[in-house]
Amino acid sequence: MDEILDVKKITKNFEELDNFRINRKLPKYSIKDGTTGTTAKVEVNNQSFFGINSSFVPESLDLRRKWFNKIKWVPPKKKQPKHLGQAQALTHAEAHSLMNAHEKFGKLPKKIVMYVDRPTCNMCKGELPALMKTMGIDELIIFSGDKKIPLILKVNF
């Protein structure tokens, strides 16, 4: 865990998120303005994979629908969602970064560290474990909103 909590590494990853935003010409995230979207980053096999909310990359909806159809939903969802809007976390940057990495490798590590430039929402906290389970991820460690203490999501079902 000490390697994960390396402040220089955390800072470097948040700087990469800032640069990604600049390169994509996305507005800078502001905690006061929820309309600026979210960017997320995971690193798998020494390669970076970024994710963006679907409102900024509508061309990613086919990828998100593909995963929506693969997932076997579990609690806290009470029943299988009927459309992507009912599985809102799949339209968020956190899920998109994982989907992009999985598309490249077909299999992901059991433990992944993610960096997100704004606080991870409750939808993601509740719905990402179903995506993680489908992808074979047991633990997702999320540094969000430039916080030094991560949120840890585990697949416990």
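In this text, all values refer to a predicted model and were calculated from it rather than measured experimentally. For the numbers below, each heavy atom of this structure counts, side chains included, while hydrogens, waters and symmetry mates do not.
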Problem - Nearest atoms (heavy-atom pairs only) where P129 meets C124 - result: CD-O, 4.0 Å
Exercise for the section: For the pair K41 and E16, evaluate salt bridge (charged side-chain N to carboxylate O under 4.0 Å, His left out) and give the outcome as yes or no after the intermediate values. Expected result: CA-CA 8 Å; K41 176 194 178 246; E16 287 180 21; 3.0 Å; yes
Practice task
Answer yes when D62 and R65 have at least one side-chain N-carboxylate O distance shorter than 4.0 Å, and no when they do not.
Solution key: yes
Handout entry: Nearest atoms (heavy-atom pairs only) where T120 meets E94
Key = OG1-OE2, 3.3 Å
Fill in the blank from the handout: Between I142 and L128 the two heavy atoms that sit nearest each other are CD1-CD1, 4.4 Å
Handout entry: V44 side chain reached by P109 side chain, heavy atoms, under 4.5 Å
Key = yes
Handout entry: Gap between atom CD1 of I71 and atom NZ of K66 - 0.5 Å precision
Key = 12.0 Å
Problem - Side chains of K125 and L151 in contact at under 4.5 Å (non-hydrogen atoms) - result: yes
Problem - Mutual orientation of the aromatic rings belonging to Y115 and F14 [parallel < 30°, tilted 30-60°, perpendicular > 60°] - result: perpendicular
Practice task
Mark yes or no for whether D117, through its side chain, and T39, through its backbone, hold a donor-acceptor pair below 3.5 Å.
Solution key: yes
Exercise for the section: Enter the distance from N122:CG to Q88:CD here, rounded to the nearest 0.5 Å. Expected result: 11.5 Å
Practice task
Determine the interplanar angle of the F20 and F50 rings, folded into 0 to 90°, and report it as parallel if under 30°, tilted if 30 to 60°, perpendicular if over 60°.
Solution key: parallel
Practice task
Would you indicate whether the side-chain heavy atoms of S144 and R118 approach each other to under 4.5 Å?
Solution key: no
Exercise for the section: Taking the side chain as every heavy atom from C-beta outward, state whether N13 and F143 have any atom pair closer than 4.5 Å. Expected result: no
Handout entry: Side chain proximity check, L98 to M135, heavy atoms < 4.5 angstrom
Key = yes
Handout entry: Spacing of CG belonging to L90 relative to CD belonging to E127, to within rounding of 0.5 Å
Key = 6.5 Å
Fill in the blank from the handout: Closest non-hydrogen atoms of L131 and M99, given as atom of the first, atom of the second and distance, are CD2-CE, 4.5 Å
Handout entry: Nearest heavy-atom neighbours spanning A89 and A95
Key = O-CB, 3.4 Å
Problem - V116 vs T38 side-chain heavy atoms within contact, under 4.5 Å - result: yes
Problem - side-chain contact (heavy atoms from CB on, under 4.5 Å) between E103 and F49, intermediate numbers included - result: CA-CA 10 Å; E103 288 296 300; F49 295 89; over 6 Å; no
Problem - Whether R21 side chain and L26 backbone form a donor-acceptor pair below 3.5 Å - result: no
Problem - Within 6.0 Å of NZ in K104, more than 12 heavy atoms from elsewhere - result: no
Handout entry: Nearest-0.5 Å distance, NZ of residue K111 to CD of residue E139
Key = 4.5 Å
Practice task
Search all heavy atoms of H96 against all heavy atoms of I52 and return the closest pair with its distance.
Solution key: ND1-N, 3.0 Å
Fill in the blank from the handout: Distance col, row M132:CE vs L140:CG, nearest 0.5 angstrom, shows 5.0 Å
Practice task
Measure from the side-chain N and O atoms of N53 to the backbone N and O of H92, and report whether any donor-acceptor pair falls under 3.5 Å.
Solution key: no
Handout entry: Cationic N near anionic O, under 4.0 Å, E15 to K8
Key = no
Completion exercise
The reported gap from CZ in F68 to OG1 in T91 (rounded to nearest 0.5 angstrom) is 11.5 Å
